[in-house]
*Asks:* 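Structure incoming, see below.
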Amino acid sequence: MIKLLHLISGGDTGGAKTHLFSLMKGLQGHVDARIICFIRGSFYEDAKALGIPIQVVEQKSRFDLGAMDGVVEDIKREGYDLVHCHGARANFNALFIRNKIETPMLTTLHSDYRLDFKDSLAKNLIFTPLNGFALKRFNYYIAITQNFKDMMVERGFPKDQIFVGYNGLDFSREETYLSREDFLARHQLEAYRDQVLVGMAARLDLVKDHRSLIEAISQVGDLLRGRVHFILAGQGPERDYLNQRVQEEDLSDVVSFIGQIRDPFSLFNAVDLNLLTSKSESFPYALLEGAKMKKPFISSDVGGIREMAGDSKGALFFPPGDSQALAQVLVKIQEDPQALEAMGQRLYDHVKEHFSSEAMSATHEKIYGEILKREGRSYES
């Protein structure tokens, strides 16, 4: 059995967290996997609660590289076959680990690394080039979608060292969530219970492009008012600007901001339609999780999202940043809301078959085996 160590920041709250938790679940009994994270927080506590083998090697800051000595000791002591990194901090830390170990290392690209820090000028100037530099030092990569692999090849990464491994979700797990009525009551949204509810769970930052959404709604607000209501969950640096735009366009009865939520399945259960307007995505869990609740989606046509929907006819697309095209899609859904339930069922059937945690882990196990084969290393299957 392959013995594997995952390295990740531990500050993750979005797709990378869901990805790794789902992967660990799927690998059980097939790969002996553990996690080391560098921050003690909700990621660590949630992993422990799920029974995932995890430990913290705490860093005082991103540049506290002395902590890496403990990681090196752990890798040598435990005799790992592979070290699998996730995210910018793990990639950077790998720079100071790889020369002290003989264990092959790989990394997963969960997002476009050139856009990860766009909302902070200082972080973008420092961490984007550092992450790009660190990425170039790996010998093996997993891209979340074929689209991401193509992007990497265009940027000079070696094609034969990039594998594709789609995100997956644990469809066997029973999710807990509020009823539609209780969710709306919790957020004082009862007045909209008879309307078509459109939900969006995304950080309020530039790459998620809520600005195009507000512009699209403003173009067709008179058609949507009283028929469609948008529930936007998330926090971020765009919050004040977006609130101001909603007020300026007189859309406060069409758009509600509910802040950060820790139970996204309650949101997806409450709404009729899922939404994502991002300028860049890979294979977003927000849409997969909505699909698990049998909710169709509208999305910008980026990353591998069209691959997620396949031929299910459970999704509608618009070009990223095109508020006029998005407005036309919004008008379309309010004209025929009865079609949404059938769309959601078709999408659910498709993603359950193709993007389960079992399918994801099986792909990863094959990738791990291929890397070890290339490295001339044997292992017990």
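Keep in mind that what you see is a predicted model, and the values were worked out from it rather than measured.
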*Asks:* With sequence neighbours excluded, tell me which residues meet salt bridge (charged side-chain N to carboxylate O under 4.0 Å, His left out) with Asp69.
*Replies:*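 For Asp69, the residues satisfying salt bridge (charged side-chain N to carboxylate O under 4.0 Å, His left out) (neighbours in sequence not counted) are Lys100.
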
*Asks:* Can you list everything that forms a side chain to side chain contact (heavy atoms under 4.5 Å, CB included) with Lys60? Sequence neighbours excluded, please.
*Replies:*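 So Lys60 forms a side chain to side chain contact (heavy atoms under 4.5 Å, CB included) with Asp64.
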
*Asks:* Do Arg186 and Asp263 have side-chain heavy atoms sitting under 4.5 Å apart?
*Replies:*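 In short, these two side chains touch, coming nearer than 4.5 Å.
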
*Asks:* Please lay out, stage by stage, how Asn274 and Glu289 fare under the test side chain to side chain donor-acceptor pair (under 3.5 Å).
*Replies:* CA-CA 10 Å; Asn274 205 354; Glu289 290 171 341; over 6 Å; no

*Asks:* Any non-hydrogen side-chain atom of Leu130 less than 4.5 Å from a side-chain atom of Asn91?
*Replies:*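 A side-chain contact is absent here, since even the closest heavy-atom pair is not under 4.5 Å.
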
*Asks:* Report the residues that fulfil side chain to side chain contact (heavy atoms under 4.5 Å, CB included) with Gln338, sequence neighbours left out, ordered by chain and then residue number.
*Replies:*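 Listed in chain order: Asp336.
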
*Asks:* Mind checking ring-ring contact (aromatic ring centres under 6.0 Å, His included) for Phe43 and listing every partner two or more places apart, or none if nothing turns up?
*Replies:*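 Scan of Phe43 (ring-ring contact (aromatic ring centres under 6.0 Å, His included), adjacent residues dropped) gives Phe21.
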
*Asks:* Partners of Glu353 by side chain to side chain contact (heavy atoms under 4.5 Å, CB included), sequence neighbours excluded?
*Replies:*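 Result, side chain to side chain contact (heavy atoms under 4.5 Å, CB included) vs Glu353: none returned.
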
*Asks:* Ring of Phe133, cation from Arg137 - is the NZ or CZ under 6.0 Å from the centre and inside 45° of the axis?
*Replies:*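 The answer is yes, since Arg137 meets both limits relative to Phe133.
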
*Asks:* Give me each pair satisfying ring-ring contact (aromatic ring centres under 6.0 Å, His included) with a member in residues 223-278, each pair once, sequence neighbours excluded.
*Replies:*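 Counting only pairs at least two positions apart or across chains, the ring-ring contact (aromatic ring centres under 6.0 Å, His included) contacts touching residues 223-278 are Tyr192-His229.
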
*Asks:* Does any part of the side chain of Val254, heavy atoms only, come nearer than 4.5 Å to the side chain of Val246, both counted from C-beta?
*Replies:*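 No; the side chains remain at least 4.5 Å from each other.
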
*Asks:* Under the ring pair (Phe, Tyr, Trp, His ring centres under 6.0 Å) criterion, do His30 and His364 qualify, and how do the steps go?
*Replies:* CA-CA 11 Å; His30 303 278; His364 277 68; over 10 Å; no

*Asks:* Among all residues two or more places apart in sequence or in another chain, which pass the ring-ring contact (aromatic ring centres under 6.0 Å, His included) test with Tyr80?
*Replies:*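 With sequence neighbours excluded, Tyr80 shows a ring-ring contact (aromatic ring centres under 6.0 Å, His included) to no residue whatsoever.
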
*Asks:* Is there a side-chain contact between Tyr141 and Phe163 in this structure, where contact means two heavy atoms from C-beta onward sitting under 4.5 Å apart?
*Replies:*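 A side-chain contact is absent here, since even the closest heavy-atom pair is not under 4.5 Å.
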
*Asks:* Under the ring-ring contact (aromatic ring centres under 6.0 Å, His included) test, which residues partner Phe92, sequence neighbours left out?
*Replies:*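 Listed in chain order: Phe63, Phe96.
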
*Asks:* With side chains defined as the heavy atoms from C-beta onward, is the minimum distance between Cys85 and Phe138 less than 4.5 Å?
*Replies:*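 Touching, per the 4.5 Å side-chain cut-off.
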
*Asks:* Does Asp32 have any salt bridge (charged side-chain N to carboxylate O under 4.0 Å, His left out) partners at least two apart in sequence or in another chain, and if so, which?
*Replies:*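 Listed in chain order: nothing, the list is empty.
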
*Asks:* Please list, chain by chain and in numerical order, all residues satisfying ring-ring contact (aromatic ring centres under 6.0 Å, His included) with Tyr166, sequence neighbours excluded.
*Replies:*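 With sequence neighbours excluded, Tyr166 shows a ring-ring contact (aromatic ring centres under 6.0 Å, His included) to Phe283, Phe355, given in chain and number order.
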
*Asks:* Using the side-chain contact (heavy atoms from CB on, under 4.5 Å) definition, which of the options Gln161, Met105, Arg374 pairs with Asn139?
*Replies:*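 So, applying the side-chain contact (heavy atoms from CB on, under 4.5 Å) to Asn139 and each of Gln161, Met105, Arg374, only Gln161 qualifies.
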
*Asks:* Let me confirm one number: the CD1-CZ distance from Ile101 to Arg98, rounded to the nearest 0.5 Å.
*Replies:*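 Result: 8.5 Å between the selected atoms.
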
*Asks:* Could you tell me which residues satisfy salt bridge (charged side-chain N to carboxylate O under 4.0 Å, His left out) with Arg114, sequence neighbours excluded, listed by chain and number?
*Replies:*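 Salt bridge (charged side-chain N to carboxylate O under 4.0 Å, His left out) list for Arg114, sorted by chain: empty.
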
*Asks:* By salt bridge (charged side-chain N to carboxylate O under 4.0 Å, His left out), which residues pair with Glu341, not counting sequence neighbours?
*Replies:*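 Partners of Glu341 under the salt bridge (charged side-chain N to carboxylate O under 4.0 Å, His left out) test: none.
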
